[in-house]
Amino acid sequence: MRYCKIPGTDLEVSVVCMGTGEIGSSVSKEESFKLFDAMYEHGGTFIDTAKDYGNWVPGIERSVSEKTVGEWMEKRNMQGKVVIATKGCMPDEETAENNCCSPETIRRHVEWSLQTLRTDCIDLWYIHRDDPKEPMEGILEELNNLQKKGKIRYFAASNMSSSRIIEADKIAEQKGINTFCAVQGLWNAALLKKFPYGDPQNAYMNTARFNYHKNKKLPWLSYQSTAFGLFHRFEKGTVEQMNEGFRSFYYEKKSYERFERMKQVSDEYGVSISELVLSYLYSNPDFVTFPIVGSHKIAQVIDNFSCGNLILKPEELNYIEGGQKFGLE
């Protein structure tokens with residue numbers, strides 16, 4: 001495993017991040033602990049969670065992912081050894097909380113996550129879902145206040161439009177305060193065909209975003225970094241068994257052509273297609289990119305976190321892309 005600092009921070013992390021969308025819910029607490037143990041044993045030091053992960057499962061306690069992460073961190077004495085990123089400010093259907101990015105909501109959600117994670121300071125805290133009607137100046141001022149109080153070390157944005165990121169950067173420069181240190185959104189080696197989950201507000205990588213991140217050297221953290229296992233299914237011949245909704249996200253024929261080129265590269269290096277899929281992202285030479293990958297099985301964790309050292313050359317990335325870097329623009 002390779003490590004690097006998230007630019008603009010002092011957070012040094014593994015270049016692959018553990019996703020936890022189903023931790024504590026679809027994956028039991030006992031099995032979740034085993035997955036985290038395997039992650040750490042194979043060099044993983046970066047976990048991504050959220051206040052709302054697991055809340056969609058009927059009968060599951062609120063914030064079960066955060067709670068499971070926090071309990072594992074405490075029981076394994078991992079404070080200072082593993083960096084935790086979490087998110088708040090997601091509209092909540094159960095509480096009808098729709099002013100999801102107000103300063104008051106930000107404060108309340110940070111305090112909630114401090115309790116569930118069993119910590120006194122959150123390493124990296126994201127706005128999970130932006131509310132474009134909420135003034136950006138108030139959002140930034142509150143996040144800077146929470147930094148000064150020692151509640152959060154750094155803050156970032158998930159599923160936020162490019163225009164709002166640009167607005168935040170301009171406000172921060174004018175007022176001499178901190179802005180978002182990173183952005184999380186969807187990006188992987190497949191060619192995206194439609195808005196993620198059918199929602200245009202969900203962030204995804206395209207040419208305009210790529211150029212802004214390149215110019216600003218703004219880090220990107222990629223969820224759905226394996227395209228729901230699309231390339232693994234290409235290799236195993238099980239694409240027909242894939243969830244139709246997830247499968248419909250991508251241009252399948254063009255993505256398969258990419259898979260064929262990726263298979264050639266993976267064979268040359270003697271690595272799995274899974275490693276190539278993740279390496280495609282963290283090899284990006286233009287700005288630091290971290291793939292976030294969730295796992296249900298220990299074997300998957302070992303495969304995902306046994307990589308990190310293979311850095312593809314720019315010409316190999318170009319070859320994989322075959323002249324088209326992005327699908328949906």
Could you tell me if Thr105 and Ser102 have a donor-acceptor pair between their side chains, going purely by distance under 3.5 Å? yes
Please give me the minimum heavy-atom distance between Thr9 and Cys181, naming the atom from each residue. CG2-SG, 4.0 Å
Check: Thr207 main-chain N/O paired with Glu329 side-chain donor or acceptor under 3.5 Å: yes
Salt bridge Glu257-Lys254, side-chain N to carboxylate O under 4.0 Å: no
Thr20 side chain to Asp48 backbone, donor-acceptor under 3.5 Å: yes
Taking Tyr53's backbone N and O only, do any of them form a donor-acceptor pair with Ser65's side chain (distance below 3.5 Å, no angle check)? no
Work out which heavy atom in Ser225 is nearest to a heavy atom in Ser222; give both atom names and the distance. CB-O, 3.7 Å
Can you find a pair of side-chain heavy atoms, one from Ser14 and one from Met1, that are under 4.5 Å apart? yes
Taking NZ, NE, NH1 and NH2 as the nitrogens, is one of them in Lys51 or Glu66 under 4.0 Å from a carboxylate oxygen of the other? no
Could you tell me whether a side-chain N or O of Arg2 sits under 3.5 Å from a main-chain N or O of Asn309, the two making a donor and an acceptor? no
When the ring planes of Tyr223 and Tyr197 are compared, do they come out parallel, tilted or perpendicular, using 30° and 60° as the limits? tilted
Ignoring hydrogens and angles, state whether a donor on the side chain of Arg129 or Asn202 is under 3.5 Å from an acceptor on the partner side chain. yes
Give a yes or no on whether Lys81 atom NZ has more than 12 heavy-atom contacts from other residues, nucleotides or ligands under 6.0 Å away. yes
Just wondering, do Ile23 and Phe36 contact through their side chains at under 4.5 Å, heavy atoms? yes
Quick one, Phe195 and Phe249 - any side-chain contact, counting heavy atoms below 4.5 Å? no
Please lay out, stage by stage, how Tyr280 and Glu316 fare under the test side chain to side chain contact (heavy atoms under 4.5 Å, CB included). CA-CA 9 Å; Tyr280 172 80; Glu316 291 170 327; over 6 Å; no
Note: Arg209 and Ala203 closest approach over all heavy atoms is NH2-CB, 3.5 Å
So do Lys151 and Leu114 actually touch side chain to side chain, heavy atoms under 4.5 Å? yes
Does one side chain, of Ser295 or Asn304, offer a donor that lies under 3.5 Å from an acceptor on the other? yes
Taking Gln115's backbone N and O only, do any of them form a donor-acceptor pair with Lys67's side chain (distance below 3.5 Å, no angle check)? no
Passes side chain to side chain contact (heavy atoms under 4.5 Å, CB included), Ile152 versus Cys121? Steps please. CA-CA 5 Å; Ile152 59 176; Cys121 182; 5.6 Å; no
I'd like to know if the side chain of Glu12 and the backbone of Val83 have a donor-acceptor N/O pair within less than 3.5 Å. no
Consider only side-chain N and O atoms of Tyr204 and Asn188, and report whether a donor and an acceptor are under 3.5 Å apart. no
Counting only N and O atoms by type, is there a donor-acceptor contact under 3.5 Å from the side chain of Ser26 to the main-chain atoms of Glu22? no
Do you see a donor-acceptor pair shorter than 3.5 Å between the side chains of Ser248 and Lys194? yes
Consider ring-ring contact (aromatic ring centres under 6.0 Å, His included). Of Tyr212, Tyr282, Phe210, which one does Phe287 pass it with? Phe210
Compute whether any side-chain donor of one residue and acceptor of the other, for Trp72 and Asp37, lie under 3.5 angstrom apart. yes
Between Met205 and Leu186, does a side chain to side chain contact (heavy atoms under 4.5 Å, CB included) hold up when you go through it step by step? CA-CA 6 Å; Met205 187 58 75; Leu186 189 150; over 6 Å; no
Would you call Lys75 and Glu71 a salt bridge, using N to O less than 4.0 angstrom? yes
Salt bridge Lys193-Glu252, side-chain N to carboxylate O under 4.0 Å: no
Does the pair Glu321/Arg261 count as a salt bridge with the N-to-O cut at 4.0 Å? no
If you compare all heavy atoms of Val16 against all heavy atoms of Phe305, which two are closest, and at what distance to 0.1 Å? O-CE2, 3.3 Å
Please name the pair of heavy atoms, one in Phe290 and one in Val15, separated by the smallest distance, quoted to 0.1 Å. CD2-O, 3.7 Å
Walk me through whether Phe155 and Asn144 qualify under side chain to side chain contact (heavy atoms under 4.5 Å, CB included). CA-CA 9 Å; Phe155 58 88; Asn144 276 264; 3.7 Å; yes
Apply the test side chain to side chain donor-acceptor pair (under 3.5 Å) to residues Thr116 and Ser63: give CA-CA distance (whole Å), side-chain angles for both, the deciding distance (0.1 Å), then the verdict. CA-CA 7 Å; Thr116 56; Ser63 301; 5.4 Å; no
Just wondering, more than 12 heavy atoms not from His232 lying within 6.0 Å of its NE2? no
Between Arg153 and Asp10, does any side-chain N to carboxylate O distance fall below 4.0 Å? yes
Side chains of Gln147 and Asn178: donor-acceptor distance under 3.5 Å anywhere? yes
Salt bridge flag under 4.0 Å for residues Arg247 and Glu240: yes
With a 4.5 Å cut-off on side-chain heavy-atom distances among I, L, V, M, F, W and Y, is there a chain of contacts connecting Val69 to Val64? no
Can a cation-pi geometry be assigned to Lys253 and Tyr256, taking NZ or CZ under 6.0 Å from the six-membered ring centre and within 45° of the ring axis? no
Are the side chain of Ser279 and the backbone N or O of Glu275 linked by a donor-acceptor pair below 3.5 Å? no
Under 30°, 30 to 60°, or over 60°: which ring-plane class applies to Phe259 and Phe234, parallel, tilted or perpendicular? tilted
Polar side-chain atom of Tyr154 near backbone of Ile122 as donor-acceptor pair, under 3.5 Å: no
Would you find more than 12 non-hydrogen atoms of other residues, nucleotides or ligands less than 6.0 Å from Lys325 atom NZ? yes
Look only at the side chain of Gln241 and the backbone of Thr238, and say whether a donor-acceptor pair between them is shorter than 3.5 Å. no
Would Glu167 and Arg164 count as a salt bridge (charged side-chain N to carboxylate O under 4.0 Å, His left out) here? Give the steps. CA-CA 5 Å; Glu167 179 188 4; Arg164 287 278 277 178; 3.6 Å; yes
Between Tyr126 and Lys87, is there a cation-pi geometry (under 6.0 Å to ring centre, at most 45° from the normal)? yes
Going by heavy atoms in the side chains, are Phe180 and Leu218 under 4.5 Å from each other? no
Are Glu31 and Lys34 ion-paired here, with the side-chain N under 4.0 Å from a carboxylate O? yes
Any Gln79 side-chain heavy atom under 4.5 Å of Thr119 side chain: yes
Report the relative orientation of the aromatic rings in Phe326 and Trp187; use parallel for angles under 30°, tilted for 30 to 60°, perpendicular for over 60°. tilted
